[in-house]
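A quick write-up on the structure given underneath.
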Amino acid sequence: MVRVRFAPSPTGSLHLGNARSAAAHRRYADAHGGAMLLRIDDTDPARNVDGGLETILTDLEWLGIGWDEGPQRQSERHVRHREAAHLVGEPDADGALRFGHATVLRADGTATYQLASAVDDLDFGITHVIRGSDHRANEELQASLIRALGGEPPVYIHHGLLLGDDGTKLSKRHGASSLADLREEGIPGEAVRTYLDELGLPKHDVHLDLARLRRLSIEALAALSDDELAARTGMPVSVVPAMRGARDLREAREYAEQVLDPVAAEVDAPETIARAVELVEGGLDAKSVVRELKAVGGSLKAVRLALTGRERGPELAAVIESLSRDELLNRLGRCSSTTR
RNA sequence: GCCCCCAUCGACUAGUGGUCCAGGUCACGGCCCUUUCAAGGCCGCAGCACGGGUUCGAAUCCCGUUGGGGGCACCA
């Protein structure tokens with residue numbers, strides 16, 4: 001029975017590297033009919049952030065990644081860790097316990113990552129440890145610790161790292177790389193999940209490809225039904241036509257707001273506006289209205305301005321389609337009266 | 001400095017000795033669509049890091065070089 005554990009530290013929103021690891025664990029467990037344990041590596045009180053656990057749970061849910069056991073906080077296992085440290089460690093001059101060259105228990109009695117990780121992997125019957133190559137050097141120590149405790153070490157699988165633009169290990173300083181950042185930017189969770197799954201677990205490093213992520217965002221949006229798109233953006237279904245073509249949820253919201261909240265604008269094209277009013281009153285559909293306006297050489301720009309107050313935005317036909325007849329006449333009428 | 005890992009278009013990759021004068025996707029460029037910005041459609045550019053082997057035959061195997069990354073904490 002395969003058992004893996006995803007073990008983030010509660011230091012804030014997961015960055016893409018961690019998220020990639022989470023997705024890889026889920027996939028590995030599923031592929032082998034195994035289980036995934038969620039473990040919170042919070043042995044260092046100094047690094048723990050308030051609400052750190054909740055943030056991680058939110059991130060995982062957003063990605064659609066579930067787990068089978070946990071969350072298990074390492075800090076809650078300190079008694080067992082201390083016991084194990086005394087089993088294998090040697091006291092040093094500062095009152096800490098060491099195993100070989102590594103400290104396993106600090107002088108204040110708290111376990112270090114090396115110890116806690118090894119003990120928990122052993123106690124929870126972890127069969128495969130999947131992690132980035134930045135952990136490669138930890139394998140020997142941790143395996144030794146487990147053997148010293150009378151256990152059999154798991155299989156260690158190290159994969160290449162996710163690199164930022166500068167070609168170094170992705171970290172907070174690279175910016176816009178935490179899940180919270182991406183969510184803020186309007187990238188749908190499933191686009192991120194797809195991207196992470198595409199990464200797989202190669203041994204070589206991989207450059208973070210933001211362009212690919214944006215591409216997947218466009219595709220994820222295209223795959224959403226009208227109702228889903230409306231729900232995700234918190235906008236009424238009626239304005240969905242105006243949101244199509246947006247590249248992310250934030251942009252979709254902006255498009256919708258343009259239609260929903262027009263700003264005042266000077267429009268100087270009375271003939272086009274009058275014609276538009278006629279066409280709308282005539283009950284023509286959006287596309288036909290646009291076609292007819294074009295046929296008479298009307299200024300579509302003026303119509304857009306009249307309807308949204310802006311010079312740019314979603315395709316005019318989509319804007320018209322997103323508005324009710326009354327609202328269309330209202331906005332067009334308001335314009336023709338102010339320009340006359 | 002020492003130890004470890006890796007190496008196909010700009011990026012992500014397919015490719016595991018012949019079917020590869022290397023295929024796909026993204027980016028990029030051009031065209032079309034669009035009286036806006038996108039989205040969409042079509043076409044195109046571009047690569048096996050280098051040098052030695054092994055072999056009838058190498059992107060695929062071996063060695064070296066170069067390049068890149070990671071580690072060398074009482075951080076995880």
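- Using a 4.0 Å cut-off between charged nitrogen and carboxylate oxygen, A:E190 and A:R193 do not count as a salt-bridge pair.
- Each of A:L161 and A:R215 has a nearest nucleotide on RNA chain B; the 5'-most of these lies closest to A:R215.
- Taking atom P on both nucleotides, B:U60 is separated from B:U8 by 12 Å, rounded to a whole Å.
- Remark: B:C2 base-pairs with B:G71. Criterion, Watson-Crick or G-U wobble with two distances under 3.5 Å.
- Remark: the separation of the P atoms in B:A39 and B:C20 is 34 Å, to the nearest Å.
- Comparing atom distances between the A:T168 side chain and each of B:A7, B:A27, B:G69 picks out B:G69 as nearest.
- Of the P atoms belonging to B:C9 and B:G51, the separation is 16 Å, rounded to the nearest Å.
- Residue A:G160 is classed as having no contact, given no heavy-atom separation below 4.0 Å to the nucleic acid.
- Taking atom NE2 on A:H204 and atom C1' on B:G69, their separation rounds to 12 Å, with Å as the unit.
- In this structure, CG on A:D59 lies 9.5 Å from CG on A:N18, to the nearest 0.5 angstrom.
- For the P atom pair drawn from B:C32 and B:U19, the interatomic distance equals 40 Å after rounding to whole Å.
- Closest contact between the side chain of A:D92 and the listed nucleotides B:C74, B:A38, B:G71 involves B:C74.
- B:A76 makes up no base pair with any nucleotide shown, lacking Watson-Crick or G-U wobble contacts both under 3.5 Å.
- Checking the phosphate oxygens (OP1, OP2) of B:A76, a side-chain nitrogen or oxygen of A:T43 falls inside 4.0 Å.
- The nucleotide whose nearest atom lies closest to any side-chain atom of A:R304 is, among B:U36, B:G40, B:C74, B:U36.
- No engagement by A:G89 is indicated, since no non-hydrogen atom pair under 4.0 Å with the nucleic acid exists.
- At the heavy-atom level, A:D108 lies nowhere under 4.0 Å from the strands shown.
- Within the 4.0 angstrom heavy-atom criterion, base atoms lie near A:L316.
- Using a 4.0 Å heavy-atom cutoff across all strands shown, A:R212 reaches sugar-phosphate atoms only and no base atom.
- Here the CZ-CG distance, from A:R183 to A:L249, works out to 12.0 Å after rounding to the nearest 0.5 Å.
- Checking B:A38, B:A27, B:G40 against every side-chain atom of A:A211, the shortest atom distance belongs to B:A27.
- Relative to the side chain of A:R106, the nucleotides B:G70, B:C75, B:G40 differ in distance, and B:C75 lies closest.
- In this structure, the separation between NE2 on A:H25 and CD1 on A:I130 is 4.5 Å, given to the nearest 0.5 Å.
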Practice item. Go through the steps to decide whether A:D121 and A:Q142 satisfy the test side chain to side chain donor-acceptor pair (under 3.5 Å), and finish with yes or no. Key: CA-CA 9 Å; A:D121 285 343; A:Q142 293 177 0; over 6 Å; no

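- Among the nucleotides B:C37, B:C5, B:G40, the one closest to the side chain of A:R312 is B:C37.
- Shown here, B:C50 forms a base pair with B:G64; the pair counts as Watson-Crick or G-U wobble because both key distances fall under 3.5 Å.
- A:K203 comes within contact range of the sugar-phosphate backbone alone, with a heavy-atom separation under 4.0 Å but no base atom that close.
- For B:C21 and B:G57, the C1' atoms lie 15 Å apart once the distance is rounded to whole Å.
- Rounded to a whole Å, the CG atom of A:L216 is 11 Å from the C1' atom of B:C12.
- When the P atom is used for both B:A7 and B:U54, the distance is 24 Å, rounded to whole Å.
- A stacking contact between A:H158 and B:G70 is absent: the pair does not combine a ring-centre distance of less than 5.5 Å to the base's six-membered ring with planes differing by less than 30°.
- Here the P atom of nucleotide B:C75 and the NE2 atom of A:H15 are 19 Å apart, to the nearest Å.
- Across the strands present, B:C21 finds no partner; the criterion is a Watson-Crick or G-U wobble pair with both atom distances under 3.5 angstrom.
- Each of B:A76, B:G71, B:C74 was ranked by its minimum atom distance to the side chain of A:T103; first place goes to B:C74.
- Pair check for B:C33 finds none; no Watson-Crick or G-U wobble contact set falls under 3.5 Å.
- A salt bridge links A:R215 to A:E219: at least one charged side-chain nitrogen sits closer than 4.0 Å to a carboxylate oxygen.
- Going from atom CG of A:L170 over to atom P of B:G69 covers 14 Å, rounded to whole Å.
- Using a 4.0 Å cut-off between charged side-chain N and carboxylate O, A:R80 and A:D120 make no salt bridge.
- Using atom C1' as the reference point in both B:C61 and B:G17, the two lie 8 Å apart (nearest Å).
- Rounding to whole angstrom units, CD1 of residue A:I56 and P of B:A76 are separated by 14 Å.
- Computed from coordinates, the A:D205 CG to B:G70 C1' distance equals 7 Å when rounded to whole Å.
- When the P atom of B:A27 is taken as reference, atom OH of A:Y195 falls 13 Å away, rounded to whole Å.
- Positionally, the nearest nucleotide of RNA chain B for A:E198 lies more toward the 5' end than for the other of A:E198 and A:R244.
- B:A38 and B:A46 have their P atoms separated by 27 Å, with the value rounded to a whole Å.
- Distance CG/A:D41 to OG/A:S75: 10.0 Å, rounded to 0.5 Å.
- Within the 4.0 Å cut-off from OP1 or OP2 of B:A76, not a single side-chain nitrogen or oxygen of A:H135 is found.
- Of the possible donor and acceptor atoms, one in the side chain of A:R325 sits under 3.5 Å from a partner among the backbone N and O of A:E281.
- In the set B:G40, B:U34, B:C5, the nucleotide with an atom closest to the side chain of A:K294 is B:U34.
- For the pair A:R214 CZ and B:C28 C1', the interatomic distance rounds to 14 Å; values are reported in whole Å.
- Residue contacts shown for A:P314 include a base, since a base heavy atom lies under 4.0 Å away.
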